[in-house]
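Worksheet for the structure shown next.
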Amino acid sequence: MNHPALWKNGEHVSREAAGVDVLAHALHYGTGVFEGIRCYDTGRGPAIFELAAHMRRFERGAQTLGMDIDIDELTNAIIETVARSGFNNAYIRPLAFYASGGLGLDTAPLSAEVAVGVMPWTSHLGEAAENKGIGMHVSSYRRNSHKSLPPLKLCGGYVNSILAKREASLAGYDEALFVDDDDWVCEATGENVFMVNNGRVTAVEHCDALPGITRSVVMQLTAAIARPVSLKELLSADEVFLTGTSAEVVPVSNINGHHYGSTPVTRELQHTYANLVRGRESASQGQVAMP
Ligand code: PMP
């Protein structure tokens with residue numbers, strides 16, 4: 001088995017040495033921020049895709065929680081940990097969380113710990129589902145409102161995604177689709193939503209959705225426009241697909257049993273994106289080559 005490579009508070013550590021206190025604040029309240037980043041094996045060695053954009057979003061989350069994190073140190077730690085891991089295709093998890101200092105809700109006395117985990121890459125939604133398209137369940141849960149929780153990668157916010165995902169799995173679907181009280185489409189549990197009509201690509205826009213990094217890249221690749229989309233409009237689209245760092249570009253085969261036909265635009269985009277992240281395309285400025 002391939003063990004993850006870990007770094008914590010300035011040192012490369014074993015999993016045992018990285019252990020977490022059961023009284024850690026984040027374990028009780030979800031007071032942490034993380035990122036999900038990928039490293040791809042390219043023709044010129046492993047390269048981390050869009051590292052700077054991920055670290056900017058991470059920094060916004062840390063600031064929201066009042067954490068003072070040295071982003072340059074963390075960025076270097078990521079690059080070093082990936083290099084030490086020996087994994088050319090990897091999933092990278094930086095995390096900052098409140099650990100010790102008590103269980104009070106005032107974070108002022110707390111200190112943040114910082115960690116990086118690097119794991120060999122395995123498919124997020126399952127390769128079979130990613131190839132044949134995934135079935136989505138319109139969730140009975142609402143996405144965290146941006147008025148209650150900013151759409152950032154704050155740990156506690158993911159309980160909302162987990163509940164929707166559980167509901168979708170129990171109903172026999174691969175993934176959940178969040179819509180709001182007025183049936184405007186928001187996002188999936190860990191991906192953004194797009195639709196295709198007559199070959200034109202539209203990115204679903206919603207103030208409660210995470211501004212995805214893959215979404216930005218795909219919008220540039222497809223010259224997509226972003227606008228609010230109702231569930232009714234999504235159901236009548238030619239194609240629907242999801243984007244995310246883990247999922248990349250994934251076709252949606254059906255929503256609540258409403259089936260979509262062939263997905264030629266999505267299939268082509270899957271290849272274009274796969275080539276881009278592996279440095280096989282000229283437009284690979286997003287890559288950070290490894291030392
Ligand atoms: N929405 C949510 C809730 C997510 O967790 C993710 C994954 N980070 C996304 C969308 C897609 O974002 P990205 O393309 O930056 O991975």
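Keep in mind that the numbers below use all heavy atoms, side chains included, and drop hydrogens, waters and symmetry copies. Remember, it's 1-based here, ligands and their atoms both numbered in the order they're listed.
- Close approach of ligand 1 to Glu187 is summarised as follows: ligand atoms under 4.0 Å from at least one heavy atom of the residue are 1 (N), 2 (C), 3 (C), 10 (C).
- In this structure, the ring of Tyr158 has its center less than 6.0 angstrom from the ring center of Phe34.
- Inspection of the Asn275 and Arg280 side chains reveals an N or O donor paired with an N or O acceptor under 3.5 Å.
- Protein heavy atom in closest approach to atom 9 (C) of ligand 1: Gly190 O, 3.3 Å.
- At a cut-off of 3.5 Å, with distance as the only test, a side-chain donor of Thr266 or Glu239 sits close to an acceptor on the other residue.
- Residue Arg143 has no N or O atom closer than 3.5 Å to an N or O atom of ligand 1.
- Some N or O of Arg57 is nearer than 3.5 Å to an N or O of ligand 1, by distance alone.
- In Glu191, the part holding a heavy atom less than 4.0 Å from any atom of ligand 1 is the backbone.
- In terms of polar-atom proximity, Thr214 is counted as a contact of ligand 1, with an N or O under 3.5 Å from an N or O of the ligand.
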- prompt: Run the side chain to side chain donor-acceptor pair (under 3.5 Å) check on Glu167 and Ser140 step by step: do they pass?
  reply: CA-CA 8 Å; Glu167 182 189 52; Ser140 71; 2.5 Å; yes
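- The protein atom (non-hydrogen) at minimum distance from atom 8 (N) of ligand 1 is Lys153 NZ, 2.6 Å.
- In this structure, Trp121 and Tyr91 have tilted ring planes: the angle between them lies in the 30° to 60° band.
- Among all protein heavy atoms, the one lying closest to atom 12 (O) of ligand 1 is Gly212 CA, 3.5 Å.
- Within the 4.5 Å cutoff, the side chain of Pro94 has heavy atoms near those of the Ile78 side chain.
- Taking a 4.0 Å cut-off on heavy atoms, Val217 fails to register as neighbouring ligand 1.
- Between Thr245 and ligand 1, a contact under 3.5 Å exists for at least one N or O pair.
- The shortest N or O to N or O distance between Ile213 and ligand 1 is under 3.5 Å.
- Not a single heavy atom of Glu35 sits under 4.0 Å from any atom of ligand 1.
- Paired with Arg142 under the rule salt bridge (charged side-chain N to carboxylate O under 4.0 Å, His left out), one option of Asp181, Asp182, Asp208 passes, and it is Asp181.
- A donor-acceptor contact closer than 3.5 angstrom is absent between the side chains of His137 and Asn256.
- Inter-residue side-chain proximity for Leu242 and Glu175 is flagged as met; some heavy-atom pair is nearer than 4.5 Å.
- Some N or O of Tyr158 is nearer than 3.5 Å to an N or O of ligand 1, by distance alone.
- If you number the atoms of ligand 1 from 1 as listed, the ones under 4.0 Å from a heavy atom of Gly244 come out as 11 (C), 14 (O), 16 (O).
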